[in-house]
Amino acid sequence: MATLTFDISIAANAKKTWQVLWFDATYRKWTSAFMEGSYAVSDWQQGSKVQFLSPGGDGMYAIIEACIPEQRMVFKHQGEVKNFEEQPPAEWGGGSEGYALTEIDGTTTVTVTLEVAENYQDYFAKTFPKALALVKELAEKPVSITVEASIAASPEKVWGYWTAPEHITQWNTASPDWHTPKAENDLRVGGKFSSRMEAKDGSMGFDFWGTYTAVEPYTHIAYTMGDGRNADITFASEGNGCKVTIFFDAEESNPYAMQQGGWQAILDSFKRHVEGS
């Protein structure tokens, strides 16, 4: 086995860099340096298993030996995966792959230490710097998250239910214990929208608002949120239905996976409302 070390300096804090490394959407982007379509299956917890897979289901599996959020991740490789099936542990099993994050004044250095078979040394020496350059690119700009749903209704109906305040108050919730008692919508470029979202027990609430930057009836909406983040929504005909896709800039105080789950839950609530009406 050969030991390789790579490092890169990133103008982003460790929290954001860590999320870029392990959040599914961004993980897929930076690991495309190794193979287009690469992804991983794991809960990313210490002691858990992780499968590193190609689109065809080939790859490797490992155990997460160490996981200290925003500081350190270490994998102990065990063996190969073929056609989505784990093979018996390989003779070379036990090789490690470690990521260390060090933040100073908002800049994070990522150091990767990799144990590889010598016949793969040249390959990783060429590809890992490319992968880390993608991590840097992703971490140094806003991270975009995507959610989508296919809805059994025409784009015209979907558009109407998405934009009418009397419908927004019925579907705009991520969980049954929250609701939207009030919504306003000035649907034009430069117009503003707002939704008052509250816990049903009255314990908390907030206003979600923004300003439209694009309005193309039945096909496209874009807006800037009150905190400066951007969102883009497309409404595309799909057979006899409509596919709604939302791209939005992530905020940095909550995990990306949590944000994706919340926006997806609201979109799923919208789908149920449209299809049930």
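Quick note: residue numbers are just sequence positions, from 1.
Applying the 6.0 Å contact sphere to CZ of Arg229 captures more than 12 heavy atoms from other residues, nucleotides or ligands. Residue Tyr218 places its OH atom among 12 or fewer non-hydrogen atoms of other residues, nucleotides or ligands, all under 6.0 Å distant.
Partners of Asp7 under the salt bridge (charged side-chain N to carboxylate O under 4.0 Å, His left out) rule, at least two apart in sequence or in another chain, do not exist in this structure. Legend: residues meeting ring-ring contact (aromatic ring centres under 6.0 Å, His included) with Phe75, ordered by chain and number and at least two apart, are Trp22, Phe52. Applying the ring-ring contact (aromatic ring centres under 6.0 Å, His included) rule to Tyr256 yields the partners Phe23; only residues at least two apart in sequence or on another chain are considered. Listed by chain and residue number, Lys182 satisfy the salt bridge (charged side-chain N to carboxylate O under 4.0 Å, His left out) test with Glu184 (two or more places apart in sequence, or in another chain). In terms of the ring-ring contact (aromatic ring centres under 6.0 Å, His included) criterion, residue partners of Tyr212 (sequence neighbours excluded) are, by chain and number, Phe193. Listed by chain and residue number, Tyr27 satisfy the ring-ring contact (aromatic ring centres under 6.0 Å, His included) test with Trp30 (two or more places apart in sequence, or in another chain).
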Report task. Test side-chain contact (heavy atoms from CB on, under 4.5 Å) on Val20 and Ile10 and set out the steps. Result -> CA-CA 12 Å; Val20 165; Ile10 298 173; over 6 Å; no
Report task. Let me see the working for Val143 and Gln19 under side-chain contact (heavy atoms from CB on, under 4.5 Å), right down to the final yes or no. Result -> CA-CA 10 Å; Val143 170; Gln19 292 207 89; over 6 Å; no
Requested in this report: Check the pair Ile64, Gln45 against side-chain contact (heavy atoms from CB on, under 4.5 Å), reporting the backbone distance first and the verdict last.
Outcome: CA-CA 7 Å; Ile64 300 177; Gln45 300 297 310; 5.9 Å; no
Requested in this report: Go through the steps for Lys271 and Ile151 under the test side-chain contact (heavy atoms from CB on, under 4.5 Å), then give the verdict.
Outcome: CA-CA 6 Å; Lys271 172 183 169 72; Ile151 301 172; 4.0 Å; yes
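Here the closest non-hydrogen pair linking Met35 and Pro55 is SD-CD, 4.1 Å. Nearest heavy-atom pair across Ser154 and Cys242 is C-CB, 4.3 Å. Annotation for Gly57 and Leu53: closest pair O-CD2, 4.0 Å, computed over non-hydrogen atoms. Of all non-hydrogen atoms in Thr211 and Gly190, the two that sit nearest each other are CG2-O, 3.7 Å. The shortest non-hydrogen separation linking Val189 to Ala214 is CG2-CA, 4.0 Å. Scanning all heavy atoms of the two residues, the minimum distance from Glu198 to Trp178 falls at C-CE3, 3.2 Å.
The backbone N or O of Ser9 lies less than 3.5 Å from a partner atom in the side chain of Lys136, making a donor-acceptor pair. A donor-acceptor pair under 3.5 Å links the side-chain atoms of Thr108 to the main chain of Ala14, judged by distance alone. Glu65 places no side-chain N or O within 3.5 Å of a backbone atom of Ile63 that could act as its donor or acceptor partner. Put simply, the side chain of Asp201 gets close to the backbone of Ser203: a donor and an acceptor are under 3.5 Å apart.
Salt bridge present: Asp207 and Arg196 bring a charged side-chain N and a carboxylate O closer than 4.0 Å.
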I'd like a table of donor-acceptor pairs (distance under 3.5 Å, sequence neighbours excluded) in which one partner is a side-chain atom from residues 158-166, with atom names and distances.
| residue | atom | partner | partner atom | Å |
| --- | --- | --- | --- | --- |
| Thr163 | OG1 | Trp159 | O | 2.8 |

Report, one line per pair, each donor and acceptor closer than 3.5 Å where one atom sits in a side chain of residues 114-134; sequence neighbours left out.
| residue | atom | partner | partner atom | Å |
| --- | --- | --- | --- | --- |
| Glu115 | OE1 | Ser96 | N | 3.1 |
| Tyr123 | OH | Phe34 | O | 3.0 |
| Thr127 | OG1 | Tyr123 | O | 2.9 |

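Contact annotation: the side chain of Ile8 never approaches that of Phe6 to less than 4.5 Å [non-hydrogen atoms, C-beta and beyond]. Residues Gln259 and Ile145 have side chains in contact (heavy-atom distance under 4.5 Å, counting atoms from C-beta outward).
Between Leu101 atom CG and Ile68 atom CD1 the span is 11.0 Å, to the nearest 0.5 Å. Taking CH2 of Trp44 as the start and CH2 of Trp18 as the end, the distance is 9.5 Å to the nearest 0.5 Å. One distance of note links CD of Glu140 with NZ of Lys16; it measures 8.5 Å at 0.5 Å rounding. Summarising the geometry, atom OG belonging to Ser195 is positioned 12.5 Å from atom NE2 belonging to His179; distances are rounded to the nearest 0.5 Å. With rounding to the nearest 0.5 Å, the separation of CD in Glu70 from CG in Asn13 is 7.5 Å. The distance from the CD1 atom of Ile233 to the NE2 atom of His220 is 8.5 Å, given to the nearest 0.5 Å.
Ile266 and Trp209 end up in different hydrophobic clusters when Ile, Leu, Val, Met, Phe, Trp and Tyr side chains are linked at under 4.5 Å. Leu4 and Met1 fall into different hydrophobic clusters, defined by Ile, Leu, Val, Met, Phe, Trp and Tyr side-chain heavy atoms under 4.5 Å apart, directly or through other members. Val215 and Tyr223 fall within a single hydrophobic cluster, where Ile, Leu, Val, Met, Phe, Trp and Tyr side chains are chained together by heavy-atom contacts under 4.5 Å. Connection of Ile168 to Ile246 is established within a shared hydrophobic cluster, with ILVMFWY side chains joined at heavy-atom distances below 4.5 Å, either directly or through further cluster members. Linking ILVMFWY side-chain heavy atoms closer than 4.5 Å, directly or via other members, places Phe206 and Phe248 in a single hydrophobic cluster.
Residue pairs meeting the salt bridge (charged side-chain N to carboxylate O under 4.0 Å, His left out) criterion with at least one partner in residues 22-38, sequence neighbours excluded, are Asp24-Arg28. Listed by first then second residue, pairs satisfying side chain to side chain donor-acceptor pair (under 3.5 Å) with a partner in residues 167-176 read His167-His273, Asn172-Thr180, Ser175-Asp177, not counting sequence neighbours. Judged as a salt bridge (charged side-chain N to carboxylate O under 4.0 Å, His left out), the pairs with a partner in residues 45-54 (not counting sequence neighbours) are, in order, Lys49-Glu86. Residue pairs meeting the salt bridge (charged side-chain N to carboxylate O under 4.0 Å, His left out) criterion with at least one member in residues 234-256, sequence neighbours excluded: Glu148-Lys243.
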